[in-house]
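Structure first, commentary second.
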Amino acid sequence: MSCIRLGWQARAGVAARGLAAAALVLFSAAAHAQPSGANGFPARPVRIIPYGPGGSPIDLLARAYAEQLRQAWGQPVVVDPKPGASGILAADAVAKAPPDGYTLLITLQTTHINNPILHDKLPYDAARDFQPLSQLAIGSGPVLVAAASAPYSNLAELADYAKRHPSLTYGTWGTGTIAHLFGELLRHEAIPGLIHVPYKTESIAHQDMEAGRLDLAWANPGTARNMSQAGKMKVLGVPGRQRAPILAAVPTFLEQGFKGFELEGWIGAYAPAGIPPAVRDKLVASLQAATRTDDVRTRIVDIGFQPVANRPDEFTANARADYARFKQLVDAAGVTLKN
């Protein structure tokens, strides 16, 4: 009898241990899978990588989003700039991040439109390696500026001055950016002697322009407004289809008789391709809600953009259309780059 009871107890113990082990496995699997669902995400800090260096307009906008997302999620949201190479370093870091929604990119169209057009080799595939989340804002793009002391105040005066003073220089924040494309289009169409001078940031270019070491530069509308109000620069023209709201007194290139500058810039948010659909949907909804807050909307308007925060399918359709338009601009400007 004792042997029979002992065998039963042993078997019962094995069964109990088996049930406990099975329960532990199920609990562990559920805990591991939890963050992939909308209710479980995010379960740890989220990282946003912005286009440009720390302190740049997109970096500051990313920090505004980070604060709103932190409040909504109850988790830290860290902004981690990776400047350089016209956004290639930032985009590549996100493309190679785990597809779990914990690494996001807030960027200009440069990383997904300009770079694929201008570079035959990139470390990332703009169409394959990313999940579009939302086109957060659309704007006029950079505006053409000159030092306050410059002997020209509009595009016609600039073109006339350039005939008598060839080899004028213009600064941008990098080769292949929309500012570079607009500058080369201006050189191709109206001012043959323009010379491109790329800088790491627009602020350095502006410093050289104010010091007389550079004739022209491009600036985001918010910077141009502030610097012109301070008497440090003048705005010669605004690209895009209509005037920038924060520079309402400055006519567009088209109004001044310069065609081909009607493209608009945009700011978009991406995640790595392959994130779970529930996480994607929560990210989109959270970004849209953040865009509706006063703080984020104010920051978007201050840099010359208008809030949009559309759906991933709308963002994708707009980006495809922009690719064709930017390709036409690149061809018209005659811009070529070698990797």
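Numbering starts at 1 and runs along the sequence shown. Source: prediction; values computed, not measured.
Judged by distance alone, with hydrogens and angles left aside, the side-chain atoms of Gln75 form no donor-acceptor pair with the main-chain N or O of Arg70 at under 3.5 Å. Checked by atom type and distance alone, the side chain of Lys82 never pairs as donor or acceptor with a backbone atom of Gly87 at under 3.5 Å. The main-chain N or O of Pro272 is never found under 3.5 Å from a side-chain atom of Asp129 such that the two would form a donor-acceptor pair.
Residues that satisfy the ring pair (Phe, Tyr, Trp, His ring centres under 6.0 Å) test with Tyr323, not counting sequence neighbours, are absent from this structure.
A donor and an acceptor atom, one from each side chain of Tyr199 and Asp208, are located under 3.5 Å apart. A side-chain N or O of Thr223 and one of Asn220 form a donor-acceptor pair less than 3.5 Å apart. Side chains of Lys234 and Ser228: no donor on one and acceptor on the other come within 3.5 Å. Judged purely by distance below 3.5 Å, without hydrogens or angles, the side chains of Tyr124 and Thr111 never pair a donor atom with an acceptor atom. Side-chain polar atoms of Thr107 and His112 form no donor-acceptor pair below 3.5 angstrom.
Note that Arg47 lies outside the cation-pi zone of Tyr102, set by a 6.0 Å cut-off to the ring centre and a 45° limit from the axis.
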| request: Starting from the C-alpha separation in whole Å, work towards a yes-or-no answer on salt bridge (charged side-chain N to carboxylate O under 4.0 Å, His left out) for Asp322 and Arg325. | output: CA-CA 5 Å; Asp322 282 343; Arg325 288 192 285 264; 2.6 Å; yes
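The aromatic rings of Trp266 and Tyr270 are tilted relative to each other, their planes meeting at an angle between 30° and 60°. Ring planes of Phe253 and Phe258: perpendicular class, angle over 60° (limits at 30 and 60°). Aromatic ring pairs are classed by plane angle as parallel below 30°, tilted from 30° to 60° and perpendicular above 60°; the pair His180 and His196 is parallel.
Linking ILVMFWY residues whenever their side-chain heavy atoms come closer than 4.5 Å, directly or via other members, leaves Leu158 and Ile195 in distinct clusters. Under the 4.5 Å side-chain heavy-atom criterion for ILVMFWY residues, a single connected hydrophobic cluster contains both Val308 and Leu105.
Counted within 6.0 Å of NZ on Lys200, heavy atoms from surrounding residues, nucleotides or ligands total 12 or fewer; the atom is thus considered open. Around CD of Gln242, the count of heavy atoms belonging to other residues, nucleotides or ligands within 6.0 Å does not exceed 12.
Between Arg243 and Glu255 a salt bridge is recorded (basic side-chain N to carboxylate O distance below 4.0 Å).
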